[in-house]
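Let me begin by presenting the structure, written as structure tokens, before commenting on it.
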Amino acid sequence: MRTGEYPIGEVKERTGLTERRIRYYESLNLIRPRRSEGNQRLYSERDIERLLEIKRLLDGGLSLRAIRNQMVQPSADEVERDAESYFEGKRIAHGARPHQASLYPLKDRAAIIRRLLRDQDREDGE
DNA sequence: ATTCTAACA
DNA sequence: TGTTAGAA
């Protein structure tokens with residue numbers, strides 16, 4: 001394998017995640033490690049960063065579904081629009097927008113949103 | 001020895 | 001999610 005890529009065993013050690021979870025997150029399209037000729041997963045430095053980020057968000061209280069919605073589905077401008085809404089201090093009743101309400105169930109939403117935006121921005125260049 | 005897929009307590 | 005069987 002090329003330098004800068006690692007087998008799942010090493011990723012397990014470096015992230016503290018179980019192999020099961022690492023592969024499961026891949027099934028959610030949260031990461032897309034390359035495959036070797038023998039069908040072995042090869043994780044890039046970026047895949048690992050991504051896994052660590054997912055771990056941070058989970059610790060922060062976000063559900064996998066919320067993380068998936070944010071990291072996989074929305075375009076950069078969608079996330080930005082949500083961020084703007086937040087920074088403008090808009091208050092919307094949970095019942096009014098149930099889906100949106102579950103997106104950022106945290107106190108430090110601003111920090112999370114900044115991080116998500118940073119990731120979105122980084123997406124295009126690589 | 002490691003990793004992979006599929007499947008189920 | 002954990003874990004395991006059987007293949008690669």
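Below, read A as the first sequence line, B as the second, and so on, with proteins coming before strands; counting in each chain starts at 1. This one's a predicted model, so the numbers in the text were calculated from it and none came from an experiment.
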How many Å lie between CZ on A:Arg23 and C1' on B:dC4, as a whole number?
6 Å
Note every stem involving DNA chain B: at least three consecutive Watson-Crick or G-U wobble pairs, i with j then i+1 with j-1, with both distances under 3.5 Å.
B:2-8 with C:2-8
If we ignore hydrogens and angles and just use 3.5 Å, is the side chain of A:Lys55 paired with the main-chain N or O of A:Thr15 as donor and acceptor?
yes
Applying a 4.0 Å non-hydrogen cut-off, can you work out what A:Gly38 is touching in the nucleic acid: base, sugar-phosphate, or nothing?
nothing
Phosphate OP1/OP2 of C:dT1: any A:Thr18 side-chain N/O under 4.0 Å:
no
At under 4.0 Å between heavy atoms, what does A:Arg21 touch on the DNA or RNA strands: base, sugar-phosphate, or nothing?
sugar-phosphate
Respond yes when some side-chain nitrogen or oxygen of A:Tyr25 is under 4.0 Å from OP1 or OP2 of C:dT1, and no when none is.
yes
From CD of A:Gln40 over to C1' of B:dT2, roughly how many Å is that when rounded to an integer?
7 Å
Protein-nucleotide distance (A:Glu19, atom CD; C:dG2, atom P), rounded to Å
11 Å
Output yes when A:Arg14 and A:Glu45 qualify as a salt bridge under the 4.0 Å nitrogen-oxygen rule, no when they do not.
yes
Is a salt bridge present between A:Arg56 and A:Glu53, judged by a nitrogen-to-oxygen distance below 4.0 Å?
yes
Of the candidates B:dT5, B:dT3, C:dG2, the side chain of A:Arg20 sits closest to C:dG2
Phosphate oxygens OP1/OP2 of B:dC4: is one of them under 4.0 Å from a side-chain N or O of A:Arg41?
yes
